[in-house]
Amino acid sequence: MHWADHTAQRLSEKNDSQVIASGITPSGEFHIGHLREILTAEMIHRACLDAGEKSEYIFIVDSMDPLRRVYDFLSEDYEKYIGFPLANIPAPNPDGTPNYNGDNYANHFLNPFLEALKQIGVNPIVVMNHETYENGEFAEKIDLAITNRVEIRNVIEEISSRELPEKWYPYNPIGSDGSMDGVVITRYEKPYVYWTDSYGIDGKSDIRKAEGKMPWRVDWAAKWGVHGITCEPAGKDHGAAGGSFDTGIPICRILGSEPPDKMVYEWIQLKGSGPMSSSSGNTIGPVEALSLVPPEILRYVIARTKIKKHIDFDTGPSLFETADEYERLVSNPPEHKELNKKKKVARDTALGALRLSQVRRGEDATLSTAGVSFRHLAMLAQIKSNDEDIWDSLKRSKHLDGEPNEVLINRLSRMRHWIDSRHFPEDARIKIQESISEENRNKISNEQSDFLNLLFSRLEKIDWNEKEINENIRSVSSDIGLNRRDAYIALYILILGSEYGPRIASIMNEVGKKITLDIFSKSL
RNA sequence: GGGUCUGUAGCUUAGUCAGGUAGAGCACCGGGCUUUUAACCCGGGGGUCGCGGGUUCGAACCCCGUCAGACCCGCCA
């Protein structure tokens, strides 16, 4: 059974309806790693719906979280905003300086991410956490937290083995300048928290408004209760023993609600370069990823992997494999015949991954395939600049019957982006030789050389099109008495510097008569 | 130091929760397709399931230990 279906089943035994949640702090550019957070939760949500459960999927944006420090992509101007809620400070310009006329910091990073989510078929209920504070929904939890602060402090100290000060409060008020740093609470009298900030200024915060927030570990536990969350997968950083999940569970109960079960997923890493991080700049954005990778393939990368396995995200060679695996699975799904238990499980898992990879829930997977392997399309896209020529070629090779569908058109457009990008694998790149290298010349036999010479003289006279080129290759090889395989090998060596390749006549045709014949004349 | 997760064919992995003869795909090799070799079809080889012990009629699966990698215990998913 697929992990999402399995989780859905477990959840249905516990609750009548589900609220699946994700939470992310918009402290910088969103990256592919965040997509795992989102998709893990969203796929569980879909699995619940598919099982006939009631379910909602909410994406909580931690817009009330403070700016921790001046990240590398920010200018020094942000020094003055440290400790401010992200919803209350200006978004950065491209050069890192604050843009006082633009959107707030949280929205600035959030909006492009939501756009990317739409593309991969994720339409969450978005909750801005600062609004939950603003409209007073947290007031009761804050009150409970403060009145039970000793107990909560003990939980955190015992479980996370952190030491908290004697006068610790599970609430950080915003001081006179807008920052939550260095504000000391003097007393609590519902609904006001009285404080003195780092300038010695006294003030009070209303717990029914966004005039302060609970610290992270308490805030998370409170959110579970306020939104009635039944499942929130968390990154493994939160999942460690003594981590925020372990403290959140008892704190949530202290605050009067039943917490979701602990659920932890592994991280996505960029192949070869360690974990992604918004602040270190080691990222690939969802938007960039989606310009190269079809959305159903991106979903499939997450869906096919068990949540406790780490994923090496790679927009290089393994993308071919993943994409082609997807195509194969759709066009040739595991059969429903008599199977033993294990094979049945394996089949259900694979089909579940496929089902959850669809951009639109419930859509037939066969509508999401292009009918052509990634590899083949990559080859065609490189040798044919005109899309129509590609459709023609695909019709001839019987990949395509009639007009290309939307999926195929999208695939080709993304393929062209990929080929033009630095991510495209070098060994998949077709490189037309200018002239033959000494090493390659030695691989060519005398017979092959005769073939090339005769072909050269014939090609000079023909109309330059794929059919003519092909016919000449065949006739010349017959005339010389060279078997066809060796003839093609000679041509591949000459033109691509390799002993094999895609249909050589297409390449020669696409490259053009003059350039092709130049290669011959320089090499022979 | 404490803890979590991962380790199955050259590569990516299914199967581990509910123990019952190790399954795929890629790659590789061979054959076919007689307008082709990154297209398509058929076949084949390849695994001490990290290692050691235990429980069991039977262990990839459960238990103990051990090695390796990743990560957490400081508000980075």
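Chain letters run A, B, ... following the sequence lines, proteins first and then strands; every chain starts at 1.
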> What is the distance, rounded to the nearest whole Å, between atom NE2 of A:H31 and atom C1' of B:A77?
Replying inline: 6 Å
> Is it true that the side chains of A:T25 and A:D65 contain a donor and an acceptor less than 3.5 Å apart?
Replying inline: yes
> Could you give the CZ-to-C1' distance, from A:F30 to B:C76, as a whole number of Å?
Replying inline: 12 Å
> Which residue, A:M379 or A:R304, contacts RNA chain B at a nucleotide closer to its 5' end, judged by nearest heavy atom?
Replying inline: A:R304
> Would you find a donor on one side and an acceptor on the other, under 3.5 Å apart, between the side chain of A:Y57 and the backbone of A:I44?
Replying inline: no
> Which whole-number value in Å describes the distance from A:L351 CG to B:A24 P?
Replying inline: 16 Å
>> Using the P atom as the point on both nucleotides, what is the distance between B:A38 and B:G30, in whole Å?
In response: 13 Å
> Using the P atom in both, what is the distance from B:U8 to B:G3, to the nearest Å?
Replying inline: 25 Å
> With both distances under 3.5 Å as the test, what is the Watson-Crick or G-U wobble partner of B:C28?
Replying inline: B:G44
>> Once you apply a heavy-atom cut-off of 4.0 Å, does A:A350 come out as touching a base, just sugar-phosphate, or nothing?
In response: nothing
>> Suppose you measure atom C1' in B:A60 against the same atom in B:G15; what distance do you get, rounded to whole Å?
In response: 8 Å
>> For a quick check of understanding: with a heavy-atom distance under 4.0 Å over all strands, which category does A:R68 fall into, base, sugar-phosphate or nothing?
In response: base
>> Centroid distance below 5.5 Å plus an interplanar angle below 30 degrees: do A:Y265 and B:A77 meet both conditions?
In response: no
>> Are there over 12 heavy-atom neighbours, none belonging to A:K384, within less than 6.0 Å of that residue's NZ?
In response: yes
> If you measure from the P atom in B:U12 to the same atom in B:A70, how many Å do you get, rounded?
Replying inline: 15 Å
> B:A22 and B:G58: how far apart are their C1' atoms, nearest whole angstrom?
Replying inline: 15 Å
> Between atom CH2 in A:W267 and atom P in B:C76, what is the gap in whole Å?
Replying inline: 8 Å
>> Measuring from the side chain of A:E37 (C-beta onward, heavy atoms only), which nucleotide among B:C75, B:U12, B:A77 has the closest atom?
In response: B:A77
> NA contact type, A:H6, heavy-atom cut-off 4.0 Å: base, sugar-phosphate, or nothing?
Replying inline: base
> In terms of side-chain geometry, is the basic nitrogen of A:E42 or A:R299 positioned less than 4.0 Å from the acidic oxygen of its partner?
Replying inline: yes
> If you measure from the P atom in B:G44 to the same atom in B:C61, how many Å do you get, rounded?
Replying inline: 30 Å
> Think A:K306 has a side-chain N or O under 4.0 angstrom from the OP1 or OP2 of B:G15?
Replying inline: yes
> Taking atom C1' in both B:A9 and B:C28, what distance in whole Å separates the two?
Replying inline: 12 Å
>> Please report the distance separating the C1' of B:C73 from the corresponding atom of B:A59, rounded so that it comes out in whole Å.
In response: 34 Å
>> Partner lookup for B:U66, please. Criteria are Watson-Crick or G-U wobble with both distances under 3.5 angstrom; report none if nothing qualifies.
In response: B:G50
>> Nearest to the A:W216 side chain among B:C71, B:C75, B:C26, which nucleotide is it?
In response: B:C75
> Does A:K309 place a side-chain N or O at less than 4.0 Å from the phosphate oxygens OP1/OP2 of B:A14?
Replying inline: yes
> Within the distance-only criterion (no hydrogens, no angle test), does the side chain of A:D219 pair as donor or acceptor with the backbone N or O of A:P215 below 3.5 angstrom?
Replying inline: no
> Between A:R217 (CZ) and B:C72 (C1'), how many Å, whole number?
Replying inline: 10 Å
>> Base, sugar-phosphate or nothing for A:I430? Non-hydrogen atoms, less than 4.0 Å.
In response: base
> Of the nucleotides B:A77, B:C71, B:U35, which has the atom closest to the A:R474 side chain?
Replying inline: B:U35
> Is the shortest side-chain N to carboxylate O distance from A:D5 to A:R355 below 4.0 Å?
Replying inline: yes
>> Can you measure A:F313 atom CZ to B:A70 atom P for me and round it to whole angstrom units?
In response: 22 Å
> Could you give the CD1-to-P distance, from A:I307 to B:C71, as a whole number of Å?
Replying inline: 19 Å
> Looking at A:W216 versus A:F245, is the centre-to-centre ring distance below 6.0 Å?
Replying inline: no
> Atom CD of A:E325 and atom C1' of B:A24: how far apart are they, to the nearest Å?
Replying inline: 9 Å
